2 protein chains.
Amino acid sequence: MANPLESPVEPQEDCQSCPVRSAALFGEISPELVERVQSATQPLAHPAGEVLFEAGQRADAAFTLREGTVKLVRSQPGNRSQIVRLLVGGDLLGAEGLFGEPYQHTAIALTPVRLCRLPMALLELLRTEDPRFTDALLGRWRRALSEVETLAVELGTCKAEERLAAFFLHWQRKHDKHGDSVDWLPLPLSRTELGELLGLRVETVSRLMARWKREGLLKEAGGKIQLLDTATLHGTATDEGLCT
Amino acid sequence: MANPLESPVEPQEDCQSCPVRSAALFGEISPELVERVQSATQPLAHPAGEVLFEAGQRADAAFTLREGTVKLVRSQPGNRSQIVRLLVGGDLLGAEGLFGEPYQHTAIALTPVRLCRLPMALLELLRTEDPRFTDALLGRWRRALSEVETLAVELGTCKAEERLAAFFLHWQRKHDKHGDSVDWLPLPLSRTELGELLGLRVETVSRLMARWKREGLLKEAGGKIQLLDTATLHGTATDEGLCT
DNA sequence: CGTGGCCTTGATGTCGGTCAAGCCAAGTGG
DNA sequence: CCACTTGGCTTGACCGACATCAAGGCCACG
């Protein structure tokens with residue numbers, strides 16, 4: 001629906017002071033380059049639910065996610081889709097253009113998001129200019145690979161309970177970067193989406209969560225959840241000695 | 001069992017004429033560097049079934065697979081393991097050491113293999129010396145990511161039949177690089193291993209293959225299979241419009 | 001006030017896991 | 001050479017986890 005031209009463009013912001021800069025791609029590049037980056041990038045904001053780009057489209061820009069959560073989806077003919085990754089602040093998406101390939105996923109905002117658009121030309125420039133930039137890319141790709149692998153392992157070897165419990169624990173760990181665990185963590189995924197991530201149907205997810213709430217393992221309110229008993233959750237995840 | 005010192009070391013070979021060189025990591029580096037590479041690498045051979053390295057070990061070398069097939073496995077406590085990738089000639093394995101991490105998988109030869117051992121020091125050297133080397137690494141990581149993603153999608157959204165059929169088709173496509181499809185393609189995986197790849201148990205794999213043989217969709221003999229009716233196989237893979 | 005999403009809960013079905021048994025080929029040792 | 005093991009494959013009987021189908025509740029929004 002939203003015309004790309006209408007994508008609300010934020011007032012120009014300062015990369016030097018970008019909250020996610022140290023975590024992001026440009027944590028490592030030289031200060032002089034940062035200026036060129038700043039002039040070539042374009043800050044954007046999108047509401048929840050909006051499609052950032054679609055699988056198969058020409059990948060003429062990558063994006064740095066400054067704030068919010070995004071899902072990367074691979075859709076199958078036949079109404080089934082699989083979420084392959086969840087992105088949070090500081091993550092990079094849509095860089096497949098560096099290989100001349102179209103976007104491999106459909107990216108959809110799960111919350112309102114703010115991001116920086118990085119035109120391919122800029123990335124190419126950085127790649128030739130600063131070897132550490134390529135290194136940073138390499139690190140990101142490696143991390144992504146590792147995440148998808150653990151997803152595959154869980155999909156292949158774990159049962160429903162275990163997968164869901166493992167997800168909650170992963171998700172929690174992803175959200176206390178500061179070491180101090182926040183107990184109310186945002187859960188911007190619908191039951192259906194949890195299912196699409198974990199290879200389950202809505203009803204299964206719903207039942208499991210209902211049961212866990214009944215048993216006092218977790219609470220939920222207003223799009224946030226609180227893990228009350230991570231110990232037994234972890235136990236469920238590794239039931240029979242399986243999974244993370 | 002095999003003492004690493006006993007790993008049969010082949011007579012020194014010539015990288016310049018390496019059959020997989022163009023496909024491999026060093027297709028792109030300068031001829032002068034190739035010499036230094038040659039002096040620092042170490043050709044190895046292992047019989048089928050041998051463990052090349054184990055998850056968690058210090059990753060002090062990567063390997064280029066010159067010939068044969070290798071499985072990368074992530075094992076779970078509780079007797080379950082998941083094959084996350086199958087490697088064939090020209091593939092690179094064990095490069096996670098570049099990030100100071102231990103090996104992320106256990107690598108096991110499915111056939112007799114020949115490979116080149118690349119000490120981490122050499123990789124570090126190449127990384128600083130030749131930017132195109134890092135680019136090559138990037139490409140490999142990206143391809144690996146893409147493969148694991150399709151695995152995850154299949155594990156998450158497809159049923160047994162569909163996954164197995166899809167695997168055979170992928171496997172076939174991987175083996176006719178020359179465009180001309182060889183009809184007898186090697187299948188160095190046991191039923192159990194097929195199960196570990198596709199998230200199924202031996203019995204399920206066995207039953208499906210037995211049925212397909214009965215129905216004349218495929219033949220099997222001496223560790224090789226022949227897909228007789230790729231059309232209906234493809235139909236099975238995408239049953240109800242799903243999967244590749 | 002009605003409509004459409006999302007969630008919940010129950011009833012029923014089925015795919016694939018589990019258990020168990022037997023087959024076959026390749027060792028191994030007497 | 002034969003008895004015995006061992007490991008992979010097959011097949012059948014059974015069962016359970018999860019999907020499917022169906023109905024109803026809750027809430028936001030027009």
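Per chain, numbering begins at 1; letters A, B, ... match sequence-line order. Keep in mind it's a predicted model, so treat the numbers as computed, not measured.
For the pair A/Glu196 and A/Arg191, the salt-bridge criterion is not met [side-chain N within less than 4.0 Å of a carboxylate O]. Taking 4.0 Å as the cut-off between side-chain N and carboxylate O, B/Glu220 and B/Lys224 do not count as a salt-bridged pair. One finds a salt bridge joining A/Lys71 and A/Glu193 here, because a Lys/Arg side-chain nitrogen approaches an Asp/Glu carboxylate oxygen to under 4.0 Å.
For A/Leu200, the side-chain atoms get nearest to D/dA19 when compared with the rest of C/dG16, D/dT10, D/dA19. Distances were taken from every side-chain heavy atom of B/Glu203 (C-beta onward) to each of D/dA19, D/dC9, C/dT18; the shortest belongs to C/dT18. For A/Arg201, the side-chain atoms get nearest to D/dA19 when compared with the rest of D/dA19, C/dT9, C/dC7. Counting only heavy atoms from C-beta on, B/Thr204 has its side chain closest to C/dG17 among C/dG17, C/dC7, D/dC18. Out of D/dC18, D/dC9, C/dG17, the shortest distance to the side chain of B/Arg191 is found at D/dC9. The A/Ser206 side chain lies nearest to C/dT8 when the options are C/dT8, D/dT10, C/dT18.
Considering only side-chain N and O atoms, B/Arg207 lies nowhere under 4.0 angstrom from the phosphate OP1 or OP2 of C/dG16. Side-chain nitrogen and oxygen atoms of A/Ser190 include none within less than 4.0 Å of the OP1 or OP2 phosphate oxygen of C/dC6. An OP1 or OP2 oxygen of D/dG16 is reached within less than 4.0 angstrom by no side-chain nitrogen or oxygen of A/Lys159.
For the pair B/Leu187 CG and D/dG8 P, the interatomic distance rounds to 15 Å; values are reported in whole Å. When rounded to the nearest whole Å, the span between CD of B/Glu193 and P of D/dG7 equals 15 Å. Regarding B/Lys213, its NZ atom lies at a distance of 13 Å from the C1' atom of D/dT11, rounded to whole Å. Counting to the nearest Å, the C1' atom of D/dA19 and the CD atom of B/Glu161 are 16 Å from each other. For A/Glu196 and C/dC7, the CD to P distance is 11 Å, given to the nearest whole Å.
B/His170 and B/Glu147 form no side-chain donor-acceptor contact under 3.5 Å, judged by distance and modelled atom types alone.
With a 4.5 Å cut-off on side-chain heavy atoms, A/Trp171 and A/Leu86 count as touching.
If you check every strand for non-hydrogen atoms under 4.0 Å, B/Gly199 touches sugar and phosphate atoms only.
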